[in-house]
Amino acid sequence: MIKTEKLVMIPGPTPVVRSIQDQMGRPTVAFGDAGFVADFKQLVLDLNEMWGAEQSFVIAGSGTLGMDMALSNTTKAGDNILVCTNGAFGDRFKKMCLRKGLNLDILAADHWGTSVTAEMVEKKLAEKKYAAVTVTHVETSTGVVAPIAEIGKVLAKHPETIYIVDAVAAAAGVRSNLAEMNIDVLLTCSQKAFGVAPGLTILFASKAAFERRKALGELIPEAYADFEEWIPIMKDPSKYWGTPAVNMIWALKESVRIIKEEGLEERYDRHIRIAKLFDDALEAIGFKVAAEKGFRAPTLSVYLYPESEHVDDAKFRSLVGAEGAQVAGCLGAYAGIGFRMGHMGNIDKHVMIGAVAAVERACIKLGMTVQPGAALAVMQAGLAKED
Ligand code: PMP
């Protein structure tokens, strides 16, 4: 057999379609090029509108820069902050807050596989005043989705508190809207549900977030992360502050074109349908979805190995890769006992079938009791109902 091409089915980067690759392959132009400036400006306007934001930012960086930006522009040393965490990526905010000298309170999900709830946040906010609250929309270590709209309703009663949402593994795959959900800063990046290669931080901010930034004074310690430095560029990209990632910005513009063509609502619905198909298919061959029902993310899943099979984790993932789909290892409480699979962005029926087929073949090669085609049958039945 010739070598099977590997689909990138980790929870980001996700598969990058040809038309987006083409934008990255274009001859790079000067960042002051009139055509590029017009493209950049339109991209930012589209993002503002699609996410109900006062202003969006598109900056060279990864999701982590977005987390830094969110904290830097809305808090100062000595402020109280509440970090809501459902796993390893929620936990990431903790060290960042400590670096900044923030007074940190942690609100953790009862156990991995579930989420912090709006009621839990409401109780905390009744006890103490917080400058900011952070919530991870989709927790990449557990495949859990947090109720960000419900938490937003609680935050609406606390205008003194800035609501920060880490939507790295969610935005463009799971519904989020700043104006509708009372969110002040929503951060994400290019390589997840936008289906672009890694390289861009995408951040959305509300009016209240800008007011908070202004209240922090003229100079905050961070330069590259400062809203005030970037706002003039995002409003008029012919201006300069830091060199824009020209080809990546074109690539994101193409991603947004694809999203608009599909329709945001349909895109969110599709991700829900896709997730259910993947989960049902993998459950049909004995895997267990780690996230509890009602908390399952539309963008990625953690699949726990059937306990009776005593699966060698590293060997399993390496076999799935060799069979044509790169999947990721688990973190924290799930390390070694399952694998993570992304199912977000611009993935079509070929990709979905290819990914499930690779998992099935790996199971068969490992000698697990899996009927060839059992998972595929579920996926096929579901996909046959789709346009
Ligand atoms: N937050 C979440 C929820 C993530 O999944 C990740 C990356 N997996 C990050 C933050 C960090 O993003 P990046 O790796 O792009 O810096």
Side-chain angles (χ1 to χ4, degrees), residues 8-16 57-72 83-97 99 106-109 112-116 132-148 151 163-176 183 185-204 222 224-225 245 248 251-252 255 271 275 290-291 295-302 326-335 339-345:
V8 194
M9 300 305 291
I10 63 171
T14 59
V16 179
F57 298 80
V58 180
I59 292 166
S62 76
T64 307
L65 172 66
M67 297 170 79
D68 248 339
M69 273 181 91
L71 295 177
S72 304
V83 168
C84 301
T85 177
N86 297 330
F89 285 95
D91 286 351
R92 243 172 182 242
F93 270 118
K94 293 188 203 168
K95 201 164 151 196
M96 288 184 166
C97 291
R99 275 177 197 278
I106 293 156
L107 188 56
W112 274 38
T114 65
S115 175
V116 165
V133 170
T134 72
V135 177
T136 308
H137 193 178
V138 167
E139 172 51 62
T140 318
S141 60
T142 61
V144 158
V145 61
I148 59 159
I151 295 173
Y163 183 18
I164 297 170
V165 175
D166 170 352
V168 163
V174 192
R175 179 193 304 281
S176 57
I183 297 166
V185 181
L186 185 121
L187 63 106
T188 187
C189 48
S190 48
Q191 78 272 19
K192 305 266 184 179
F194 279 95
V196 176
L200 290 178
T201 302
I202 305 159
L203 184 142
F204 304 90
E222 299 81 2
Y224 191 71
M248 294 305 296
L252 184 62
S255 161
H271 277 80
F295 295 103
R296 293 180 180 173
T299 45
L300 70 103
S301 301
V302 171
Q326 185 78 59
V327 294
C330 284
L331 307 170
Y334 300 139
F339 72 96
R340 293 181 301 148
M341 185 184 254
H343 34 72
M344 64 182 127

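This chain uses plain numbering: 1 for the first residue, then up along the sequence. We count ligands from 1, going down the list as the structure has it; atoms in each ligand are counted the same way.
- Proximity of S62 to P198: side-chain heavy atoms (C-beta onward) are nowhere separated by under 4.5 Å.
- For the pair S190 (side chain) and A197 (backbone), a donor-acceptor distance under 3.5 Å is present.
- D166 and T136 form no side-chain donor-acceptor contact under 3.5 Å, judged by distance and modelled atom types alone.
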For ligand 1, run through the N/O pairs with the protein that fall under 3.5 Å and put one pair on each line.
from, atom 1, to, atom 2, distance (Å)
ligand 1, 1 (N), D166, OD1, 3.4
ligand 1, 1 (N), D166, OD2, 2.6
ligand 1, 5 (O), T140, OG1, 2.4
ligand 1, 8 (N), K192, NZ, 2.9
ligand 1, 15 (O), G63, N, 2.8
ligand 1, 15 (O), Q191, NE2, 2.9
ligand 1, 16 (O), S62, OG, 2.5
ligand 1, 16 (O), G63, N, 3.3
ligand 1, 16 (O), T64, N, 2.9
ligand 1, 16 (O), T64, OG1, 2.5

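- Checked against ring pair (Phe, Tyr, Trp, His ring centres under 6.0 Å), F93 has no partners two or more places apart in sequence or in another chain.
- Among residues two or more places apart in sequence or in another chain, the salt bridge (charged side-chain N to carboxylate O under 4.0 Å, His left out) test is passed with R175 by E265.
- For H343, the ring pair (Phe, Tyr, Trp, His ring centres under 6.0 Å) partners two or more places apart in sequence, or in a different chain, are F278.
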